[in-house]
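Notes follow the structure.
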Amino acid sequence: MLLLLLLGVVTSRCLHDETQKSVSLLRPPFSQLPPNFRSSSFTLSSSGEPQPLRIQTCYTGDPTSDGAWDLEGDGMRGRSRALAAVREATQRIQGVLAVQGPLLLSRDPARYCHAVWGDPDTPNYHRCSLLNPGYKGESCLGAKIPDAHLRGYALWPEQGPPQVIQPDGPGVQNTDFLLYMQVAHTSKCHQEPSIIAYAACCQLDSEDRPLAGTIVYCAQHLTSPSLSHSDIVMATLHELLHVLGFSGQLFKNWRDCPSGLSVRENCSTRQQVTRRDKWGQLLLTTPAVSHSLAKHLGVLGVSLGVPLEEEGPLSSHWEARLLQGSLMTATFDGAQRTRLDAVTLAAFKDSGWYQVNHSAAEELLWGQGSGLEFGLVTTCGTGSSDFFCTGSGLGCHYLHLDKGSCSSDPMLEGCRMYKPLANGSECWKKENGFPAGVVNPHGEIYHSQSRCFLANLTSQLLPADETRHPSQIPHLKEVELTGRCYLHQCTERGAYKVQVEGSPWVPCLPGKAIQIPGYYGLLFCPRGRLCQTNEGTNAVTSPPVSLSTQDLLFQLSLGLAGPPGHSLGKEQQEELAEAVLQALVSRGGSGRCYFHSPSITTSLVFTVRMWKSPGCQGPSVSMLHRALTLTLQEKPLEVYHGGASFTTKDNQLLVTSDYNPSMTHLSLTMGLCLMLLILVGALGTAAYQKRATLQVGPSAPYHLPELHNTRGPDGGIREV
Ligand SMILES: *[C@@H]1O[C@H](CO)[C@@H](O)[C@H](O)[C@H]1NC(C)=O
Ligand SMILES: *[C@@H]1O[C@H](CO)[C@@H](O)[C@H](O)[C@H]1NC(C)=O
Ligand SMILES: *[C@@H]1O[C@H](CO)[C@@H](O)[C@H](O)[C@H]1NC(C)=O
Ligand SMILES: *[C@@H]1O[C@H](CO)[C@@H](O)[C@H](O)[C@H]1NC(C)=O
């Protein structure tokens with residue numbers, strides 16, 4: 001379960017499953033269950049509804065294995081980056097996967113016990129008769145598990161009651177999964193310098209659902225600037241999904257649960273999870289993934305297994321030829337090019353342990369609608385799909401964020417695709433552009449809204465050549481089509497216009513080649529690749545923003561005015577929060593991906609956090625935030641909900657900028673266990689509490705927006 005970094009042309013050997021194999025999976029022996037112990041899957045919340053998955057992160061700064069990492073300077077920085085990434089990854093997944101119950105981990109008798117009573121006729125048969133003097137407690141992939149998280153253990157005489165050596169710990173309340181994390185320079189990190197992080201699951205519950213696991217980050221990647229925060233978040237999410245059950249060694253434990261059941265009482269172990277097809281390709285064959293892949297390829301009704309990467313007898317990753325860009329392929333080539341896709345989420349439904357929020361799936365462009373023959377070794381070289389290429393020319397990566405060269409890697413088994421160049425290929429990075437004053441014969445523009453286009457444009461205004469006819473210019477004849485960076489702007493779904501240096505905006509007709517005023521040659525407009533979501537429509541044309549401001553975090557609070565005497569139940573609060581968010585999203589003309597954890601208080605103060613999720617397309621968060629505060633000042637937001645009208649009071653627009661949760665936890669000391677309780681916010685507890693009574697008032701005509709447009713004496717925006 002190692003995530004390898006694959007950037008540009010660098011390829012790495014894969015070592016998946018090795019880590020998981022090195023860890024013995026513990027599950028509670030039934031005799032050890034204390035009478036009032038609530039197994040994680042036998043209980044129901046009072047309403048019987050699933051709760052968002054509650055992951056507690058425990059930072060253990062004291063690796064029991066190799067590779068202590070210095071805590072000064074770089075070590076500190078690496079750790080805070082890892083913490084911030086874990087926090088964001090667990091937050092992202094908590095609204096996606098849901099289970100029930102609290103948690104106490106098991107001890108491994110093989111570790112603490114040296115001998116057991118061997119006479120079947122004695123009452124304490126098979127109980128521990130001799131302790132292992134060297135027992136140092138339990139650990140998970142090198143991370144020490146605190147006694148508080150563990151059951152106790154005892155020494156048994158041949159007859160009679162035990163001598164308790166260590167009583168049961170209190171366990172961990174309100175938690176479904178314990179995630180231990182370490183930042184270290186382990187021998188694995190040393191041997192494979194491309195490994196960002198690796199992880200293993202250590203304990204299962206009585207229904208085989210993973211209960212605890214550890215992520216080890218290789219320290220050198222956290223301190224190097226080559227990985228962005230989004231990259232580390234995506235890498236963390238990848239590892240997290242492995243330890244939550246997407247693992248070759250856990251597939252056999254997946255459970256078949258009658259559909260619609262939120263309780264696991266009628267689940268059984270799945271008869272078949274993987275099989276090999278007639279060409280020897282390993283497939284994951286469970287129903288939800290098969291359906292999801294068929295839907296993705298546009299062949300609904302066909303029952304396909306989902307091919308897994310060739311990694312030995314077991315495999316923990318999707319076949320890259322078929323699901324390039326999915327979070328769960330074996331190599332990671334940057335957050336920008338990685339998606340938490342529907343097929344991956346379907347796998348978690350098939351595990352039988354989770355309820356999946358499918359609306360969290362991100363669109364995977366690779367292979368979309370490409371049919372049954374897509375991604376086969378036998379078809380990828382025939383030119384039947386433009387996701388693949390032949391030869392070794394230059395073009396555009398399929399997401400069009402990068403220029404690429406036609407090449408292969410071990411995961412592609414001879415198939416070729418345009419892979420980002422080793423350096424400077426990102427069209428969306430301004431710093432890859434030409435310094436002022438340098439000749440830019442092809443009119444390229446590098447900008448956050450630039451994309452790669454296949455083109456052979458050449459400026460008609462080249463010095464010395466400008467008086468001649470194109471056919472007389474020797475080098476123009478040789479201009480071949482290649483990937484070039486130009487500015488784009490979505491006009492509507494699937495439609496966009498482009499701009500070349502010095503040119504006006506020109507509509508780009510998907511699938512057609514267009515001419516650009518001032519240039520010889522053509523620009524090819526890709527079909528089905530750009531502006532596929534409504535995100536980013538009309539979001540450009542403002543001055544370019546530097547990328548470094550994109551990771552900033554903001555918090556936006558809005559006071560709302562509703563009908564007099566109107567009170568909200570918990571559930572209505574949540575619905576209203578979502579309605580306000582929708583209005584905010586459409587007002588901002590941006591994606592939902594900028595907004596996180598919306599909530600609303602009983603006194604009608606709406607709060608939402610803003611940062612730009614990986615894969616989110618559009619302006620920087622600071623730009624969006626600025627635009628939103630300005631437009632809300634000009635015109636309040638009006639939201640109709642439950643038959644009533646709510647309006648933002650602009651004198652209560654509170655904007656907290658530079659809100660930075662990762663800084664909150666920097667003061668940790670070594671060995672201190674950090675409990676980042678992943679808050680079950682409005683979408684969790686609130687959603688499932690008993691419906692409070694609510695009198696929904698009629699729409700109140702006197703709450704027209706105009707009435708609220710007058711500013712208070714100290715009105716306007718307060719920056720706090
Ligand atoms: C499901 O996911 C969507 C998209 O991420 C999110 O907006 C929604 O709040 C989630 N639902 C729950 C119940 O968490
Ligand atoms: C679950 O199993 C029990 C006993 O086997 C059975 O009575 C019950 O009808 C089953 N429930 C569902 C929803 O299948
Ligand atoms: C990319 O790398 C090559 C060789 O390593 C170098 O010649 C070239 O200048 C680099 N290009 C950029 C844009 O950094
Ligand atoms: C650009 O490419 C097209 C298509 O290959 C070709 O017909 C045209 O002559 C090229 N134009 C220039 C200026 O090279």
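Whatever order the structure lists them in is the order used to number ligands and atoms, beginning at 1. Reckoned from all heavy atoms, side chains included, excluding hydrogens, waters and symmetry mates.
Between L454, L457, L481, it is L481 that holds the heavy atom closest to atom 5 (O) of ligand 4.
How far NE2 of H400 is from CZ of R451: 10.5 Å, rounded to the nearest 0.5 Å.
Residues F348 and W254 keep their aromatic ring centres 6.0 Å or farther apart.
Between N357 and ligand 1, at least one pair of N/O atoms sits closer than 3.5 Å.
Proximity to G521 (heavy-atom distance under 4.0 Å) selects the following atoms of ligand 4: 11 (N), 13 (C).
Test W366, Y398, Y418 against F388 for ring pair (Phe, Tyr, Trp, His ring centres under 6.0 Å) and you get one pass: W366.
Ring geometry for H238 against H242 counts as perpendicular: the plane angle is over 60°, on a 0 to 90° scale with 30° as the lower cut.
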